[in-house]
Amino acid sequence: MKIDLTTRLKAIEEYQKTKSLKTVAKRYNIHYATLSRWVKKINEDRILYHRPWNRMPPEVEETIMMLKENNPGTTLNQAKQRLLEKGIHISIKGIYDIWNRYGLAKRLVDDPFSFFVQETSETKNCLEYVQHLLIDKSSQENLKKAAGIVNSLPGYPPNYNDILEQIPENLLSLRRRLDRLYNQFLKIPTPEFYKKIHRLRLQFERKKFYYSAIMAGFS
């Protein structure tokens, strides 16, 4: 029987208070060895989504993503050729899927000028865990861990904007700051919004994140 992430987190939280594997495991009708594995995984930040077996390594995905970030006009065929020159063999669809996960390809119909992407099991599990971490906002360790998880996501779904508001801006990556600012449009004074988005666009340009700079320019 598959047990959802929220239930796992509750069981782990109870164990951390009682330090009794067998008692908590019995309450949740699971084997104590299963609970022990969950505790070990959460301590190693591995209780979240596991990458599908057929995904490219993270560093390769980042290389493919940066082709579009550095050169927004790059086509799929051009990207495939440049990757072949680097010894990376991947299909046109594979490149498109990666760009899509990073919000660099297909735009949301309701938010065409945002970086927001469709929610996946990957982002759902990660962000549910972040919500759990943010229950205790006074914990700097939890805030930093939450920011690290949020920043590591390739793209951000629009229905978790409350999380971005709870994490200090200085802990967010440039792309997550752009997501947060996009959501703040007309919610903060216009001069303040313009000042922040202008500064963010310049930061993107200095890092040669030209696709993101263009999106900031639209905002």
Side-chain angles (χ1 to χ4, degrees), residues 5 8-9 37-38 40-72 74-108 114-134 141-158 160 163-164 167 170-180 200 203-204 206-213 215-216:
L5 180 63
R8 293 188 191 192
L9 292 172
R37 286 198 301 274
W38 293 351
K40 183 179 180 182
K41 285 182 177 181
I42 201 167
N43 288 335
E44 298 173 354
D45 287 338
R46 292 191 299 109
I47 199 168
L48 305 178
Y49 177 78
H50 295 283
R51 291 173 61 83
W53 65 270
N54 59 346
R55 281 271 185 91
M56 303 288 280
E59 60 274 14
V60 176
E61 283 206 356
E62 185 173 352
T63 296
I64 295 169
M65 178 271 288
M66 289 304 296
L67 285 175
K68 193 69 170 176
E69 267 287 15
N70 293 155
N71 299 282
T74 301
T75 66
L76 289 166
N77 284 319
Q78 289 171 339
K80 183 176 181 179
Q81 182 57 41
R82 289 173 190 170
L83 291 168
L84 281 174
E85 292 169 1
K86 295 176 180 287
I88 300 174
H89 297 265
I90 183 172
S91 67
I92 292 289
K93 182 181 183 303
I95 297 170
Y96 178 81
D97 287 345
I98 291 171
W99 285 357
N100 193 30
R101 278 200 297 278
Y102 279 86
L104 301 172
K106 185 179 180 182
R107 312 239 60 81
L108 290 179
S114 77
F115 259 133
F116 295 133
V117 298
Q118 295 291 341
E119 181 184 289
T120 64
S121 58
E122 178 178 6
T123 54
K124 184 175 186 294
N125 278 353
C126 287
L127 292 172
E128 282 182 358
Y129 180 40
V130 168
Q131 287 174 328
H132 176 76
L133 289 172
L134 293 177
E141 182 182 349
N142 280 8
L143 281 174
K144 289 179 181 178
K145 184 178 285 189
I149 293 170
V150 165
N151 292 338
S152 71
L153 297 177
Y156 200 85
Y160 288 93
I163 288 177
L164 295 178
I167 298 175
N170 66 301
L171 294 180
L172 294 174
S173 66
L174 290 180
R175 282 169 59 88
R176 290 298 91 87
R177 289 184 200 179
L178 182 57
D179 292 330
R180 173 173 162 157
L200 193 56
Q203 287 177 294
F204 277 130
R206 281 196 292 271
K207 289 181 174 292
K208 298 183 179 180
F209 276 52
Y210 297 125
Y211 191 105
S212 295
M215 297 305 293

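Quantities reported herein were computed from a predicted structural model and do not represent experimental measurements. The figures that follow rest on heavy atoms only: side chains count, while hydrogens, waters and symmetry mates do not.
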Fill in: Nearest atoms (heavy-atom pairs only) where Tyr211 meets Ala105
OH-N, 4.3 Å
Worksheet item: Any donor-acceptor pair under 3.5 Å linking the side chain of Arg175 with the backbone of Tyr156?
Response: no
Worksheet item: Is Lys68 reaching over with its side chain to a backbone N or O of Thr74, donor-acceptor style, under 3.5 angstrom?
Response: yes
Discussion item. With rounding to the nearest 0.5 angstrom, report the CG to CD1 distance, Leu84 to Ile90.
Written reply: 10.0 Å
Worksheet item: Do Tyr129 and Lys145 come within less than 4.5 Å of each other through their side chains, counting heavy atoms only?
Response: yes
Worksheet item: Got a second to check how far Phe209's CZ is from Gln203's CD, nearest 0.5 Å?
Response: 11.5 Å
Item to complete: First locate atom NZ of Lys80, then atom NE2 of His89, and finally report the distance between them rounded to the nearest 0.5 Å.
Response: 10.0 Å
Discussion item. Between Asn100 (side chain only) and Val117 (backbone N and O only), is there a donor and an acceptor less than 3.5 Å apart?
Written reply: no
Item to complete: May I ask you to check whether over 12 heavy atoms, not counting those of Glu62, lie within 6.0 Å of atom CD?
Response: no
Worksheet item: To the nearest 0.5 Å, how far apart are CG in Leu104 and CD1 in Ile95?
Response: 13.0 Å
Worksheet item: Got a second to check how far Met215's CE is from Leu200's CG, nearest 0.5 Å?
Response: 12.0 Å
Worksheet item: Is there side-chain contact between Asn142 and Leu134, with heavy atoms separated by less than 4.5 Å?
Response: no
Worksheet item: Considering all heavy atoms of both residues, which atom of Arg177 and which atom of Leu172 are nearest to each other, and what is their separation?
Response: NE-O, 3.1 Å
Practice prompt. Please step through side-chain contact (heavy atoms from CB on, under 4.5 Å) for the pair Leu127 and Ile149, ending with a clear verdict.
Written response: CA-CA 8 Å; Leu127 292 172; Ile149 293 170; 5.8 Å; no
Worksheet item: Looking only at heavy atoms, which two atoms of Thr123 and Gly155 are closest? And how far apart?
Response: CG2-O, 4.0 Å
Worksheet item: Would a distance-only check, ignoring hydrogens and angles, find a side-chain to backbone donor-acceptor pair under 3.5 Å from Arg176 to Ala147?
Response: no
Discussion item. If we ignore hydrogens and angles and just use 3.5 Å, is the side chain of Gln131 paired with the main-chain N or O of Ile163 as donor and acceptor?
Written reply: no
Worksheet item: Can you list the steps and then say if Leu174 with Ser212 is a side-chain contact (heavy atoms from CB on, under 4.5 Å)?
Response: CA-CA 9 Å; Leu174 290 180; Ser212 295; over 6 Å; no
Discussion item. Can you tell whether the side chains of Arg101 and Asp97 come within less than 4.0 Å, N to carboxylate O?
Written reply: no
Worksheet, complete the sentence: Between Trp99 and Leu76, the two heavy atoms sitting closest are CZ3-CD2, 3.6 Å
Discussion item. Ignoring hydrogens, what is the shortest heavy-atom contact between Lys208 and Asn70? Give both atom names and the distance.
Written reply: O-ND2, 2.7 Å
Worksheet item: Hey, are the side chains of Arg82 and Asn71 touching, using non-hydrogen atoms and a 4.5 Å cut-off?
Response: yes
Discussion item. For the CG atom of Asn151 and the NZ atom of Lys144, what is their distance to the nearest 0.5 Å?
Written reply: 13.5 Å
Worksheet item: More than 12 heavy atoms of other residues, nucleotides or ligands under 6.0 Å from CD of Glu85: is that the case?
Response: yes
Practice prompt. Can you see which heavy atom on Ile88 is nearest to which on Thr63, and at what distance?
Written response: CD1-CG2, 4.3 Å
